[in-house]
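Within every chain, numbering begins at 1; the chains are lettered A, B, ... in the order of the sequence lines, protein sequences first and strands thereafter. These numbers come from a predicted model, not from an experiment.
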Amino acid sequence: MRYLTARLGTRFTRMEVILLVMLVFSVLLPLFAPSRYYVRLVTDAFIFAILALSYDVALGYTGVISLGHAWFFGLGAYAVGILLGRVGLPLPIVVLIVVGMGIAGGIVISVLTLRLKGIYLAMVTLALCEFFYILAQKWETLTGGIEGLAIFLPQGWLTDPILIFYLTLVLLGVIYVFLRRAVNSPVGRVWVAMRENEIRCKHLGYDVVSYKMLSLVLSGALATVAGGLYALSIRFVTPSVFALSVNFQLVLMCIIGGAGTLHGPIIGAIILRLLGPLVGDYTRYWELILGATYLVFVLFFPWGIVRVHQSPRPKFIVQLQRWYGSLRKQSVAKK
Amino acid sequence: MVTLSPAMAAGLVITGLCNGMLVLLTALGFTMIFGLMGIAHFAHSAVFMWGAYIGWTVAKVSGDFYLGVLAAMLGTAALGLILQRGFLMPLLGEPLRQILVSLGLIIFLGEGINLIWGRTAYFVPPPPNLKHFIFFGAVPVLSYRFFVTGVGIVVILLLHLLLTKTRIGLTVRAATENREMVECLGINTHKVFSIVFMTGSILAGLGGALAAPVLGVSPQMGYMFLLSVLTVVIIGGLGSIWGSVLASLLIGLTQAFVAFFYPQAAAAVSIGLMALVLLLRPHGLLGKPI
Amino acid sequence: MHRSLLQIEEVHTFIGPFHILQGISLEVAEGTATVVLGRNGAGKTTMLRSIMGLYPPRMGRILLQSTPINGMRPHEIASKGVAYVPEDRWIFTGLTVEENLRLAWRGRSKFGEKLEFIFSIFPGLRHLLKRDGGKLSGGEQQMLNIARALINENVLLLIDEPSKGLAPILIEQLKSALNKLKGQVTFLLVEQNIALASALADRCYVLDNGRIVYQGSVGELIHDKELGQKLLGVGV
């Protein structure tokens with residue numbers, strides 16, 4: 001690994017090399033996958049990776065604590081479901097509307113942040129998403145209720161899982177590169193500054209309201225696009241797109257992978273969405289394990305796998321490491 | 001458009017009060033815990049759900065509804081203690097991680113219910129002598145709802161007396177205002193936390209056991225209730241007990257009346273009220289300005 | 001020779017990454033009033049809060065009657081007879097004056113008797129018993145703040161800037177009240193008002209940037225104008 005990094009030069013971090021390898025693997029996947037099922041599985045993982053990226057922009061970089069991010073996801077999914085499936089609008093128009101909804105939603109949330117801070121914002125965003133969950137169930141004429149909405153499309157490129165897979169992969173790649181540049185730009189640095197200390201930022205003369213709105217609008221648009229992709233890929237939309245468990249999974253992805261890093265949530269998303277169905281086939285305790293893993297991470301490793309060396313380690317782990325270190329010293333001394 | 005007679009209105013009032021009381025029992029715990037400890041204990045709605053399931057199970061097995069209620073209160077008291085000591089106290093002072101842990105606990109506790117009781121929803125019969133309907137004009141009201149409303153009123157009064165007339169109530173009121181100073185006066189605030197947390201959990205258990213005959217039991221009820229509780233505490237003001245009382249009864253009554261005329265719009269009532277409150281008084285009707 | 005009630009030995013206290021107290025040592029003899037002077041930000045409040053256990057020291061020891069109290073939780077330290085009278089008063093605004101006092105009272109002697117004792121020091125509180133803490137004036141709140149510390153048999157009072165925001169006539173009342181108590185209670189006072197400090201204190205320390213830079217009597221400090229200027233930066 002180090003050899004490879006050295007060869008490629010200092011332009012690529014170790015993490016990016018890993019991502020590059022994953023990229024190559026993904027591109028070749030449809031060629032050697034045993035069935036379409038696996039292609040669809042990875043497509044799902046990529047869609048959630050996009051969603052997790054959008055969440056990281058808001059939470060990890062700008063520090064906006066929203067527990068209702070699935071709201072955007074659901075909006076995008078139902079927009080595609082209703083406008084493309086039911087009404088039959090052409091795809092480009094639907095895309096525009098989906099992005100527009102994401103932007104509008106982002107503006108709504110940024111207005112909320114003006115009035116509410118911290119816990120209040122978390123609670124209200126949670127309530128908002130829950131409300132839409134109930135709304136989607138009750139408003140049967142529009143959404144098809146609990147049964148959901150099936151999207152019927154003529155046979156074509158939109159219904160080919162392999163093409164959808166590559167579309168999603170390309171979008172993920174483009175969005176990642178774009179976001180990477182965005183967070184490294186002066187705008188991104190202001191976002192990080194706002195996350196650390198918003199009041200000080202304001203006093204330094206930055207228009208925090210606009211920066212926050214920009215971040216939330218971007219986050220919202222990307223999340224609705226993810227939702228739309230989701231609807232497209234499985235051609236079925238149910239109220240569960242707004243469910244608490246989606247919000248929970250998002251948070252879990254960012255925690256496992258490490259919020260505020262961009263590549264962390266991608267890895268978190270892929271781990272979660274790939275492991276889920278694979279393990280779920282063997283045990284019905286998957287959700288329970290998920291919940292337990294989540295709690296372990298929040299309690300002991302708040303910075304996630306990617307930056308685990310940074311988290312304050314509990315005493316017993318420190319003691320274990322010291323003991324292990326002394327063992328190694330002894331074995332080295334013996335040689 | 002149906003016309004509303006005074007008798008029917010009275011019936012709707014009882015229905016609304018009953019629904020409001022059920023939410024209030026859980027909202028009280030949430031708002032007290034937040035006011036005192038600054039913790040947004042989302043998992044409290046899962047405690048409510050466990051109360052409902054424990055109450056229903058014990059009632060079914062023993063044949064005694066009231067025994068079930070008692071068991072629910074004891075069970076949730078224990079559950080609350082475990083949650084507090086094991087998960088929330090270690091993270092005191094780190095609000096973000098507390099929120100995240102609470103979120104995880106809802107999922108974890110919810111899955112626990114799925115595993116033990118399965119995913120189906122069940123209808124729960126009211127206790128034997130409260131099964132009949134009383135007719136207010138054309139509106140039938142289950143007599144059980146009177147009982148629930150009565151219990152709610154008793155709880156509110158007891159809580160008020162506890163807070164204003166006892167030393168522990170005095171301590172809780174003071175600690176909600178300024179925890180550090182109470183500690184400097186020689187009072188172990190960690191014990192105060194535990195008392196409030198357990199009280200809140202017991203109330204949630206009571207609420208859950210009482211809610212079962214009205215709402216049935218289902219693994220989804222925790223999530224549905226979470227929204228109601230959040231709406232109440234946001235509208236009433238986080239940390240304000242009377243605010244929660246006011247908000248829950250207000251929402252309960254409004255929803256009952258709206259549901260009579262426009263059944264579909266009932267769910268929108270609470271969101272509409274919440275939006276209004278957030279625009280005009282973001283800290284809630286009786287909450288303290290941030 | 002007075003016994004030492006409180007001893008601070010080489011205490012370092014951090015608030016987050018900031019090294020506020022950088023190795024201070026202090027001694028307060030029983031029955032005396034000791035004052036700590038210093039500029040804003042020198043660490044005086046942090047010192048009192050360290051003693052009280054609100055900001056536990058990272059290094060060093062704090063001894064109360066020869067028992068170490070550093071590392072104990074504030075309520076344990078309070079139950080040993082240490083009372084904290086904070087700068088911002090921290091009166092419970094939702095509670096009445098009587099409730100404020102009742103909360104502080106630890107029940108070792110009868111409440112009524114203690115109330116009478118309080119009224120002998122602060123007669124003004126007698127007719128305010130049923131008033132809400134939030135409706136008191138600044139001076140009344142300060143009286144309540146100190147009264148709260150006197151309602152138990154406390155041995156050490158940590159008082160942070162008692163005269164802040166008080167009108168001169170109230171400061172006089174305060175001075176006479178505290179003088180009445182000298183001998184029964186030991187005071188560790190943080191003050192910016194030199195006149196009050198010299199009227200009350202037997203001994204003084206000066207804290208600057210987290211270090212003790214002077215110890216001696218207040219009188220000396222006042223008379224040596226150069227020293228006073230250097231240490232406190234204002235005309236004494």
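Most heavy-atom pairs under 4.5 Å with chain B: of the set C:A83, C:A104, C:G133, C:A149, this distinction falls to C:A104. Comparing B:E177, B:R173, B:E180 by how many heavy-atom pairs each has under 4.5 Å with chain C, the most go to B:E177.
The structure places CG of B:N188 at 7.5 Å from CD of C:E76, a figure rounded to the nearest 0.5 Å. Remark: C:R73 CZ to B:C184 SG distance equals 11.0 Å, nearest 0.5 Å. We find the OG1-CG distance between C:T93 and B:N178 to be 9.5 Å, quoted to the nearest 0.5 Å. Between the OG1 atom in B:T189 and the NE2 atom in C:H75 there is a gap of 7.5 Å [rounded to 0.5 Å]. For the atom pair C:R102 CZ and B:T171 OG1, the distance stands at 12.0 Å (nearest 0.5 Å).
The number of heavy atoms from other shown groups lying within 6.0 Å of NZ (C:K135) does not exceed 12. A 6.0 Å sphere centred on NZ of C:K80 holds no more than 12 heavy atoms belonging to other residues, nucleotides or ligands. Within a 6.0 Å radius of CG in C:N209, other residues, nucleotides and ligands contribute 12 heavy atoms or fewer.
At a 4.5 Å heavy-atom cutoff, the contact between C:L103 and chain B is made by backbone and side-chain atoms alike. For C:R49, the part lying under 4.5 angstrom from a heavy atom of chain B is the side chain only. Neither the backbone nor the side chain of C:I151 comes within contact range of chain B, judged by heavy atoms closer than 4.5 Å.
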What verdict does the side chain to side chain contact (heavy atoms under 4.5 Å, CB included) test give for B:L185 and C:Y84, after you've listed the backbone C-alpha separation in whole Å, the side-chain angles of each residue and the deciding distance to 0.1 Å? CA-CA 8 Å; B:L185 290 176; C:Y84 180 42; over 6 Å; no
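Ion pairing between a basic and an acidic side chain is recognised when a charged N comes within 4.0 Å of a carboxylate O; B:R167 and C:E99 show no such pairing.
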